[in-house]
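Model, not experiment: these values are computed from the prediction.
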Amino acid sequence: MNEFNVVIPSRLDSKRLQRKALAMINGKPLIHWVYKKAIASSAKIVLIATDSDEIASVAESFGADVEMTSKDHKSGTDRIFEVCKRRNWSDDQIVVNLQGDNPLMPSENINQIAQMMDGCDIATLSAPITEQEIIDPNVVKVLADSKTNE
């Protein structure tokens with residue numbers, strides 16, 4: 001199995017649902033459920049990258065490793081890039097971007113995407129969507145070639 005790290009980008013100022021990362025679900029904040037999925041994977045390092053002192057404090061309270069990042073990032077990928085540079089991770093280090101609002105991601109899928117990274121720069125897991133999801137602007141879509149799935 002390829003060695004890999006998981007970075008969970010998380011911010012407090014989500015556009016559609018304010019303070020989403022700290023929304024309580026079954027007695028725990030959303031970010032805690034995401035973190036639990038990540039640590040159940042085979043990742044060598046799991047950390048939460050955030051620009052929020054409040055998220056950092058909550059994450060540290062349940063034992064997460066936290067990296068504070070710039071408030072100027074436009075995406076979670078930018079936040080992860082900052083972490084990679086600060087930690088001096090090599091260009092061939094596999095880093096899985098586990099979205100901070102995805103508590104239902106199976107840890108097996110985290111392992112799966114890390115193994116798919118052998119010999120490529122970027123990979124994305126996707127699944128078929130319903131007709132209703134096609135018209136929903138809040139559902140991320142992936143366009144793939146029907147013959148090669150690329």
Do Val58 and Leu22 pass the side-chain contact (heavy atoms from CB on, under 4.5 Å) test, and can you show the C-alpha distance, the side-chain angles, and the key distance before you say yes or no? CA-CA 8 Å; Val58 168; Leu22 299 179; 3.9 Å; yes
Would the distance check show the side chain of Lys44 and the main-chain N or O of Ser42 forming a donor-acceptor pair, the cut-off being under 3.5 Å? no
State which residues pass ring pair (Phe, Tyr, Trp, His ring centres under 6.0 Å) with His32; sequence neighbours excluded, sorted by chain then number. Phe62
Has the side chain of Trp33 got a donor or acceptor atom that lies under 3.5 Å from a matching backbone atom of Ile25? yes
Can you list everything that forms a side chain to side chain contact (heavy atoms under 4.5 Å, CB included) with Met105? Sequence neighbours excluded, please. Leu98, Asn102, Asn109, Ile110
Could you please spell out the steps behind the side-chain hydrogen bond (donor to acceptor under 3.5 Å, both in side chains) verdict for Asp91 and Gln93? CA-CA 6 Å; Asp91 288 346; Gln93 174 63 56; over 6 Å; no
Might you point out which heavy atoms bring Pro9 and Gly76 nearest each other, and give the distance in Å? CB-CA, 3.6 Å
For the atom pair CD1 (Ile55) and CG (Asp53), what is the distance rounded to the nearest 0.5 Å? 10.0 Å
More than 12 heavy atoms of other groups within 6.0 Å of Lys141 NZ: yes
Find out whether Leu12 and Lys20 are in side-chain contact, i.e. whether some heavy atom of one side chain is under 4.5 Å from a heavy atom of the other. no
Between Ile48 and Glu67, is the side-chain contact (heavy atoms from CB on, under 4.5 Å) condition met? List the steps. CA-CA 6 Å; Ile48 295 171; Glu67 283 274 348; over 6 Å; no
Interatomic spacing from CG in Asp92 to CD in Glu3 - rounded to 0.5 Å: 10.5 Å
Whether Asp51 and Arg11 form a salt bridge (side-chain N of Lys/Arg under 4.0 Å from carboxylate O of Asp/Glu) is what I want to check. no
Close side-chain approach of Asn5 and Val96, heavy atoms under 4.5 Å: no
With a sphere of 6.0 Å drawn around CG of Asn138, does it hold more than 12 non-hydrogen atoms of other residues, nucleotides or ligands? yes
Using side-chain heavy atoms (C-beta onward) and a distance below 4.5 Å, is Lys37 in contact with Pro106? no
Look at atom CD of Gln132 and say whether more than 12 heavy atoms of other residues, nucleotides or ligands are closer to it than 6.0 Å. no
Each residue besides Val95 in its hydrophobic cluster should be listed here, by chain and number; the cluster joins Ile, Leu, Val, Met, Phe, Trp and Tyr at side-chain heavy-atom distances under 4.5 Å. Val7, Ile45, Leu47, Ile80, Val83, Trp89
Side chain to side chain contact (heavy atoms under 4.5 Å, CB included) partner of Ser10, the single match among Ile31, Asp101, Val66: Ile31
Who pairs with Asn88 by side chain to side chain contact (heavy atoms under 4.5 Å, CB included), at least two apart in sequence or on another chain? none
I would like to know whether Gln112 and Glu108 meet side-chain contact (heavy atoms from CB on, under 4.5 Å); could you show each step before the answer? CA-CA 6 Å; Gln112 178 186 12; Glu108 298 82 12; over 6 Å; no
I'd like to know if the side chain of Thr50 reaches the main chain of Ala56, judged simply by a donor and an acceptor atom lying under 3.5 Å from each other, with no hydrogens or angles considered. no
With sequence neighbours excluded, tell me which residues meet side chain to side chain contact (heavy atoms under 4.5 Å, CB included) with Ala43. Phe4, Val6, Ser41, Val46
Please check this pair: side chain of Glu133 against backbone of Thr130, looking for a donor-acceptor N/O pair closer than 3.5 Å. yes
Give every residue pair that meets the side-chain hydrogen bond (donor to acceptor under 3.5 Å, both in side chains) criterion with at least one member in residues 68-77, sequence neighbours excluded. Thr69-Arg79, His73-Glu82, Ser75-Asp78
